[in-house]
Asks: 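Got a structure here, written out as structure tokens. Questions coming.
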Amino acid sequence: MSTPKGSVLVVGGGIAGVQAALDLADSGFYVHLVEKSAAIGGSMSQLDKTFPTNDCSACILSPKLVECGRHLNINLLTLSEVLSVDGEEGDFQVRVRQNPRYVDPEKCIACGSCAEKCPKKVPNEFDMGLGKRKAIYLRYPQAVPLKYAIDPDHCIYLKKPGRCGFCEKVCPADAINFKDQPKEHLLNVGSVILALGFKPFDPSGLDFTGYGNLKNVVTSMEFERLLSPSGPCQGHMERPSDHQEPKKIAWLQCVGSRDINRACHGYCSSVCCMYAIKQAVIAREHSSSGAVDATVFYMDMRTHGKGFEAYYDRAREEGIKFHRARVHTVSPAENDNLKVRYAGENGDIREDEFDLVVLSVGLATDPQVIKLANDLGIELDSDSFARTTCLRPVETSRNGVFVCGALAEPKDIPQSVMEASAAALEAERILYPSRWTETKEKHFPKERDVHAEPPRIGVFVCSCGINIAGVVDVQAVTDYAWKLPGVVFAQNNLFTCSQDTINQMAETIKRERLNRVVVASCTPRTHEPLFQETLREAGINKYLFEMANIRDQDSWVHQRQPEAATEKAKDLVRMAVAKVRGDDPLPYNTVPVIKSAMVIGSGVAGLTAALSLADQGFPVTLVERKDRLGGHAHKFFRTWQGQEMQPYLSELVSMVEASDLIDVHLGTTVQDVSGSVGQFTSILTDGTEVKHGVAIVAVGAESFKPREGRWNYLYGKNPNVHTLLELDQRFIKDDPGLKGLNQAVFIHCVGSRVPERPYCSRVCCTHAIDQALHLKEMNPDMDIFMLYRDIRTYGKREHLYQEARAKGIIFIRYDLENLPRVSEENGSMVVKVRDPIIDASVTLHPDLLILASAVRPRDDVGGLSKLFKCAMTGDGFLLEAHMKLRPVDFATDGVYLAGLCHYPKPVEETIAQAKAAASRAGLVLSRDAVPAESITAVVNLQKCTGCAVCARVCAYHAVNMDENSGKAQVDTGLCKGCGACVAGCRSDAITLKNLGNEQIMAAVEAAMEDF
Amino acid sequence: MNDISKSKGAWEPKIIAFLCNWCSYAGADLAGVSRYQYPPSIRIVRVPCSGRVSPNLILDALRSGADGVLVSGCHPGDCHYISGNYYARRRFALLKRFLEFVGVEPDRVNFTWISASEGEQFAQVATEVTERVRKLGPATHLLKEF
């Protein structure tokens, strides 16, 4: 292949497409992002909150969308569709049709006058048709790009020219262009990423749900809009029939999922259990009384992700009811209420009345997407999802074309984000020789010198929809800000992080000649970079900025005390204003990047990550504590799709061993780490010193071995009791002892979902069922019993469960109050369990007892997390920077994680995550330098007495004593800005830029002024 | 001082919390994200590290009128800056003895470790510290003369 192109086509502007585009654009590739609607954001932008953190969806998504919309190396093509993709990997020719917007995006200022005057009301698809929009519209308030569009299907003028045209008359910017024509773009790209998402299942055909006939039966996506502050009832949760607040709500799970009779969707949609719990929790929060009676009707609760089981536990503690039943019918009752008929635990028929019924609809592929996939030559599976395999999780059937997100299988946001980065990695792997060949470089305007200017402070107070404004009187806070010394401008915004407000903020800074800015909104931990960049674009130094956290630390924690919360918001604004007044412009320091990586752990995750980086030409040091590569994968028989692990593992190992760029250290661990992103120095136990720019932690986990306690079940006592991996090892050896067996029993959740380990181990249900099927293949007449609590064969794995049942494998549910009992009688095993369906005790005599035991974090993970300053969860797994949107990054820059040390996961997800980690690491490795700390220590030589306390307390050896003068001096390249030296100095001679004692005290004193 | 709680007659403590950016400030954010409620008596000052908090800052806060001070950093071994939280702990222990010596009740100044994943703990600490200071009543010992 000749030199590949340096650009990539990403199709689909949801969270997956946006993440893939950002990863690529930030590591040296030009991206064309094609989105069929008028704005990017996809389904995530329609959600109110996200599980399991209850983060506001728009709040966490918005910065990414804004970044995408403003990115110099992302060409956003909205209202566009791909017509054809010709050519091959490295050199594709793509035809894209861009439909007319009829509004000139260069001119539109998104003032909304057009929509106000437009006489044509249309059902709003963003609100799932529950509300109305006009024929000229914004997809949603924070839309990116924030430009109106005319809907040609409904515009009166476009249908009959000359009739209407009001928008053209009122537009102050002369932006309306009725003559706009479709354009065809010819793009030449090296790779294609499909992130086309899903379509919520349409339950109209399922008459028993009443959907379509009964007004108060809504889908979960509709309910999401009813909860959303930007939705049709401004977040005041009203039911459709009478706009009253529902007091009693039912959720019906598995509508259009796990249903082979009516819906023809056999797969599980993976996300519905969690979103239903979330909706129930949020509905209670939104209700005026806080007392919504919420019931979830379900088959199996599938809370198999990180933090999910704890969320489920908490929901039950809070009084949300869960009833294991598939609802028979929903029928009308008085006052537009709904009668729900279902079977009780012991088979009796029950009825209950609700104000509102929410159908937890599944995820399906849009028929238009199916057509596009066919046109592009992408194979789909029997469920119409893109066909991928466990060992190649983001690769489609066409070379050079990759897939991520719900298009490949129903999945949640973090999994989609992970795959997006993995897909980006696959593209980078092909195109790396052409990195930085088609990209443009960003130039900020020259910064205004503000030293001589008196403070001119601007304050922007965010409503955050109703997240802040629902509690805090934001107008009063804004009025108050006007009165503070130095403040020359104050404004309240609905969403300060939306693109229009950001642009407007830049304009305001210039127009008002602001030289200091305060934003009172959410937390600086997520939004500070976005606002700081806005300052740079407006020509002032980004350190002339402060945030007042009036959401996470105010409106959300004082929800029932609006007056006190408003007063607190004023105090926080006053403190920020006092602090910003003393801020100085600071230099933008950088550190050079050592273009190599260290990967710790050589299981499938570590091997994959190392190869992914080496393939792009980056040297890798691979550290493995054991004396061979491969980790637990040596004990693993096959994926749930049937691909055998051992040949795959041997191939991975031999590729790593053959690579000149991978330096393997066996029998070695990391002893010490110093430095930070771009410049790490690590000492290994074999004495090697490694200099590296990034690190990927992939140290895996362990399987729980129930040697004692209530989970013992003869483990270690009877030779025919195994964990899953132990049985796998017998499969690998093709153990003849497994032939001719009469009966096997599997016990699920051994040590998972219990108080001492309150999480679900995610992999065991599927793994156990696959093993049962394999035993059945070997011994067709064998009886197999699965003793389970909930079967969690999420996504397409559900087919395996269906197959197991079809082949006569028997599933018996147990609960924690009635654990199975295992004993030995006359040398043979006896298992007793109560079957809730027949309401009787069952006695089994297995030849083989398999314990699907928990995946537990490794005990030594704590040590490693300390070396790299990474956080851990309460369960002992490593904690990523953000559960939803930064699933493979640590909060510490330049350190990434992959595989089981993050959370239990099957091999396909491990591979995707390892590739994602490599993609994220590539963001650093592809650059010559990365930004370094600007807030560093400075010494006042007049005051310094040379006592050297500062030098002694500095953990980075950034302060040392000058030999000639005997006074302290700071190496700014090493200084991390922690301030330990400042607090230690007895002469007040060393200070931190913008964080000196006077400045901190200015904030404290401001707090006290009116507190 | 036209403190709103005061205008209603009830005295409410005023507490300054110095929280490190990496653990405790994030923990306070998580309390919000998880909607754990606590009394509105605390004003948070974000510092890079608890090791930045010199005894001076704590004394100054009390002098400016704070009824209580909370300093919180990362758990032992978790400090983003390697060892700042240990320095903070040591300085704090010394300061506390000094404050007792000059007659400031020990419960007015509080030190704790809160990680980024401990939202609930943050809300709990905020509530406990408020209660502790409320019992003591307004601080007068170090108050700056107006």
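Residue numbering restarts at 1 for every chain, and letters A, B, ... go by the order of the sequence lines. In this text, all values refer to a predicted model and were calculated from it rather than measured experimentally.
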Asks: Considering all heavy atoms of both residues, which atom of I44(B) and which atom of Q553(A) are nearest to each other, and what is their separation?
Replies: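 Residues I44(B) and Q553(A), closest heavy atoms: CD1-OE1, 3.2 Å.
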Asks: With a 4.5 Å cut-off on heavy-atom pairs, point out which of A61(B), S41(B), A26(B) contacts chain A the most.
Replies: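 Looking at each option in turn, the highest pair count goes to A26(B).
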Asks: Going from OG on S54(B) to CZ on R986(A), what distance comes out if it is rounded to the nearest 0.5 angstrom?
Replies: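 Between atom OG of S54(B) and atom CZ of R986(A) there are 14.0 Å.
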Asks: Highest number of heavy-atom pairs under 4.5 Å with chain A: which of A28(B), C49(B), A66(B), G32(B)?
Replies: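 If we count pairs closer than 4.5 Å to chain A, G32(B) comes out on top.
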Asks: With a 4.5 angstrom heavy-atom cut-off, is it the side chain or the backbone of C20(B) that approaches chain A, or both, or neither?
Replies: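 Neither part.
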Asks: Please classify the contact between F18(B) and chain A as side chain, backbone, both or neither, with a heavy-atom cut-off of under 4.5 Å.
Replies: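 Interface part for F18(B): side chain.
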Asks: Contact part of V53(B) toward chain A, heavy-atom cut-off under 4.5 Å: side chain, backbone, both or neither?
Replies: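 Only the backbone of V53(B) comes within 4.5 Å of chain A.
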Asks: Give the member of K866(A), R551(A), H558(A) that has the highest number of heavy-atom pairs under 4.5 Å with chain B.
Replies: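 Between K866(A), R551(A), H558(A), the count favours H558(A).
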Asks: Are there residues of residues 974-981 of chain A that reach to under 4.5 Å of chain B by heavy atoms, and which ones?
Replies: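 Expected list: K976(A), G977(A), C978(A), G979(A), A980(A).
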Asks: Could you pull out the closest heavy-atom pair between Y87(B) and R952(A), with the gap in Å?
Replies: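 For Y87(B) and R952(A), the tightest heavy-atom pair comes out as OH-O, 3.7 Å.
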Asks: Looking at CD1 of I16(B) and CE of M1001(A), how far apart are the two atoms once the value is rounded to the nearest 0.5 Å?
Replies: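 The CD1 atom of I16(B) sits 8.0 Å away from the CE atom of M1001(A).
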Asks: If you round to the nearest 0.5 Å, how far is CG of D29(B) from OG1 of T523(A)?
Replies: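 One gets 3.5 Å once the value is rounded to the nearest 0.5 Å.
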Asks: So how far is it from I1000(A) CD1 to D60(B) CG, rounded to the nearest 0.5 Å?
Replies: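 One finds 10.5 Å between CD1 of I1000(A) and CG of D60(B).
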Asks: R52(B) side chain to L995(A) main-chain N or O, any donor-acceptor pair under 3.5 Å?
Replies: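 Pair found, side chain donor or acceptor close to backbone of L995(A).
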Asks: What residue, out of V982(A), V953(A), N467(A), has the most heavy-atom pairs lying under 4.5 Å from chain B?
Replies: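 Option with the top pair count is V953(A).
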Asks: Look up atom CZ in R63(B) and atom CE in M1008(A), then write down how far apart they are to the nearest 0.5 Å.
Replies: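 If we round to the nearest 0.5 Å, R63(B):CZ and M1008(A):CE are 13.0 Å apart.
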Asks: Which atoms of L992(A) are under 4.5 Å from chain B, going by heavy atoms: the side chain, the backbone, both sets, or neither?
Replies: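 Looking at L992(A), just its side chain touches chain B.
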Asks: Indicate yes or no for a side-chain donor-acceptor contact from Q559(A) to the backbone of Q37(B) under 3.5 Å, with no hydrogens or angles considered.
Replies: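 Not a single qualifying donor-acceptor pair exists.
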Asks: Do the non-hydrogen side-chain atoms of R43(B) and V1004(A) ever get within less than 4.5 Å of each other?
Replies: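 R43(B) does not reach V1004(A) side chain to side chain.
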Asks: Chain A heavy atoms under 4.5 Å from S50(B): which part of the residue, side chain, backbone, both or neither?
Replies: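 The answer is neither part of S50(B).
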Asks: Look up atom CG in L30(B) and atom CG in N54(A), then write down how far apart they are to the nearest 0.5 Å.
Replies: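 Reported to 0.5 Å precision, the distance equals 10.0 Å.
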Asks: Let me know if A955(A) has heavy atoms under 4.5 Å from chain B in its side chain, its backbone, both or neither.
Replies: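 Looking at A955(A), backbone and side chain both touch chain B.
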Asks: Is R314(A) salt-bridged to E120(B), cutoff N-O under 4.0 Å?
Replies: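 E120(B) and R314(A): not salt-bridged.
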Asks: Is chain B contacted by the side chain of K579(A), its backbone, both, or neither, given a heavy-atom distance below 4.5 Å?
Replies: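 Neither part; nothing is under 4.5 Å.
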Asks: Tell me the closest heavy-atom pair linking Y956(A) and Y81(B), and the distance in Å.
Replies: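 Reported closest heavy-atom pair: OH-CA, 3.0 Å.
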Asks: Could I get the full list of ring pair (Phe, Tyr, Trp, His ring centres under 6.0 Å) partners for F877(A), not counting sequence neighbours?
Replies: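 Counting only residues at least two positions away or on another chain, F877(A) forms a ring pair (Phe, Tyr, Trp, His ring centres under 6.0 Å) with Y759(A), Y903(A).
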Asks: Taking the side chain as every heavy atom from C-beta outward, state whether R35(B) and V557(A) have any pair of such atoms under 4.5 Å apart.
Replies: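 No, too far: nothing below the 4.5 Å cut-off.
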Asks: Which region of Q561(A), side chain (C-beta onward) or backbone (N, CA, C, O), has a non-hydrogen atom less than 4.5 Å from a non-hydrogen atom of chain B, or is it both or neither?
Replies: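 For Q561(A), the contact with chain B is made by the side chain alone.
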Asks: For A126(B), is it the side chain, the backbone, both or neither that has a heavy atom under 4.5 Å from a heavy atom of chain A?
Replies: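 No part of it gets close to chain A.
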